[in-house]
Amino acid sequence: MASPDRPIALVTGGSRGIGAATSLRLASAGFHVAVNYFSNRTAADEVVARIKADGGSALAVQGDVRDEEQAARMIEQAAPDGRLDVLVCNAAAATFTPTPVSALSWSDFRTKVTDELASAYVLAQRALALMEKQKRGSIVFVSSTVADGPPAPGMTAHGTAKAALNTFAQFLACEAGPMGVRVNVVAPGFVRTEASAHMPKAVQKQLADRAPLGRLAEADDVARAIAMLVGDDARFVTGAVVPVDGGSTVSRM
Ligand SMILES: NC(=O)c1ccc[n+]([C@@H]2O[C@H](COP(=O)([O-])OP(=O)(O)OC[C@H]3O[C@@H](n4cnc5c(N)ncnc54)[C@H](OP(=O)(O)O)[C@@H]3O)[C@@H](O)[C@H]2O)c1
């Protein structure tokens with residue numbers, strides 16, 4: 001149970017990769033963190049244990065973010081007394097294999113797009129209902145630079161899904177602002193996580209060389225941007241899509 005002194009954050013997919021780094025960073029900023037996971041309980045327990053070992057507060061929350069009832073239950077577990085300060089919709093629930101449109105079935109395309117939006121919609125709606133009562137709160141969606149960048153081969157479904165997520169977030173920011181709730185997006189480029197480990201090393205090197213900051217992103221680079229957006233230093237920032245890509249997007253212009 002969270003102490004009444006600590007703000008509460010729910011991080012979806014908070015057990016591995018960008019989500020784990022975000023859980024750790026928000027915990028070190030004083031949040032009680034609900035660390036959501038889907039199937040890997042051990043990874044979630046490890047993040048919770050690391051947070052507690054550092055004097056923080058956290059609990060693991062199982063649930064499939066694509067499922068309406070499970071998403072609602074996750075909010076209840078994260079915020080048992082109806083208090084929720086931060087929601088980070090990060091889970092990599094809409095998995096995909098890069099495929100050109102000519103070889104991608106409508107069914108697979110639809111699944112990718114609807115999974116991405118389902119992962120955000122119910123959680124954001126439920127979180128907003130709690131935050132509206134508090135007249136404060138912050139929601140961050142984890143998107144991707146693939147939504148706005150030059151169309152990358154085979155990435156139509158992923159790019160379309162993330163672009164829809166960005167647009168959803170901007171509509172939500174307009175609706176949530178008068179409730180005292182901020183809504184923003186971080187858009188990472190390539191980030192070194194288990195999900196991206198299959199990328200050939202030569203391609204990773206090309207991406208690092210192309211970035212003005214000269215390296216690939218680590219999960220904590222994205223976590224820091226999320227922590228900044230949910231913090232008071234960003235108190236007048238809403239509806240923003242913040243690239244976290246070492247400048248790769250601008251260097252392509
Ligand atoms: N890595 C990149 O290069 C990159 C670049 C741009 C954007 N992103 C975005 O960043 C986010 C995180 O990616 P990542 O690379 O950190 O992924 P990751 O290392 O594979 O971690 C995925 C996390 O999502 C959880 N998850 C998967 N399916 C879920 C579901 N249905 N319900 C709830 N949780 C679920 C996993 O939990 P379990 O382990 O329990 O399954 C795990 O905690 C994604 O939205 C991704 O699109 C990543």
Side-chain angles (χ1 to χ4, degrees), residues 10-25 33-48 58 60-75 77-78 87-98 111-123 140-149 152 155 157-166 168-169 185-200 203-204 207-208 211 215-223 225-226 241-246 248-249:
L10 167 61
V11 182
T12 72
S15 56
R16 293 193 294 113
I18 293 167
T22 303
S23 297
L24 293 166
R25 199 144 280 284
V33 183
V35 178
N36 161 247
Y37 69 100
F38 178 46
S39 56
N40 188 339
R41 167 102 214 185
T42 307
D45 285 345
E46 279 171 16
V47 172
V48 170
V61 175
Q62 195 280 329
D64 184 343
V65 290
R66 297 165 298 182
D67 181 276
E68 192 168 353
E69 282 177 21
Q70 293 185 46
R73 199 174 61 231
M74 281 164 47
I75 294 270
Q77 285 178 268
L87 169 67
V88 181
C89 287
N90 158 80
T95 52
F96 71 105
T97 305
T111 300
K112 170 68 190 162
V113 173
T114 52
D115 278 359
E116 189 74 47
L117 292 174
S119 305
Y121 194 89
V122 178
L123 283 160
V140 175
F141 296 102
V142 179
S143 180
S144 168
T145 52
V146 79
D148 295 319
M155 300 294 270
H158 188 56
T160 303
K162 291 296 195 185
L165 180 66
N166 292 1
F168 170 65
V185 175
V186 291
F190 182 91
V191 185
R192 284 172 9 103
T193 68
E194 283 173 49
S196 60
H198 64 276
M199 182 78 83
V203 179
Q204 294 193 29
L207 292 171
R215 64 172 174 83
L216 297 174
E218 302 296 334
D220 189 51
D221 292 313
V222 185
I226 293 170
V241 179
V242 179
V244 186
D245 66 349
S248 297
T249 308

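Order of appearance sets the numbers: ligands from 1, and atoms from 1 within every ligand. Reckoned from all heavy atoms, side chains included, excluding hydrogens, waters and symmetry mates.
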Extract all N/O-N/O pairs under 3.5 Å that connect ligand 1 to the protein, and present each with both atom names and the distance rounded to 0.1 Å.
from	atom 1	to	atom 2	distance (Å)
ligand 1	1 (N)	Val191	O	3.3
ligand 1	1 (N)	Thr193	OG1	3.2
ligand 1	3 (O)	Val191	N	2.8
ligand 1	3 (O)	Val191	O	3.2
ligand 1	15 (O)	Thr193	OG1	2.6
ligand 1	16 (O)	Ile18	N	2.8
ligand 1	24 (O)	Ala92	N	3.2
ligand 1	31 (N)	Asp64	OD1	2.9
ligand 1	32 (N)	Gly63	O	3.4
ligand 1	32 (N)	Val65	N	3.0
ligand 1	34 (N)	Asn36	OD1	3.4
ligand 1	39 (O)	Arg16	NE	2.6
ligand 1	39 (O)	Arg16	NH2	3.1
ligand 1	40 (O)	Phe38	N	2.8
ligand 1	40 (O)	Ser39	N	2.7
ligand 1	40 (O)	Asn40	N	2.8
ligand 1	41 (O)	Ser39	OG	3.2
ligand 1	43 (O)	Gly13	O	3.2
ligand 1	43 (O)	Ser15	OG	2.7
ligand 1	43 (O)	Arg16	N	3.4
ligand 1	45 (O)	Asn90	O	2.9
ligand 1	45 (O)	Lys162	NZ	3.1
ligand 1	47 (O)	Lys162	NZ	3.0

I would like to know whether Arg25 and Ile226 meet side chain to side chain contact (heavy atoms under 4.5 Å, CB included); could you show each step before the answer? CA-CA 9 Å; Arg25 199 144 280 284; Ile226 293 170; over 6 Å; no
Measure the shortest side-chain to side-chain distance between Lys112 and Thr160 over non-hydrogen atoms and say whether it is less than 4.5 angstrom. no
Check whether the side chains of Ser143 and Asn166 place a donor and an acceptor atom closer than 3.5 Å, and report yes or no.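 The answer is yes; a qualifying pair exists.
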Audit row: Tyr37, Arg16, side chain to side chain contact (heavy atoms under 4.5 Å, CB included) steps and yes/no: CA-CA 8 Å; Tyr37 69 100; Arg16 293 193 294 113; over 6 Å; no
Between Asn36 and Gly13, is there a donor-acceptor pair closer than 3.5 Å when you use the side chain of the first and the backbone of the second?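 Pair found, side chain donor or acceptor close to backbone of Gly13.
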Within 45° cone of Phe38 ring axis and under 6.0 Å: Arg66 NZ or CZ: yes
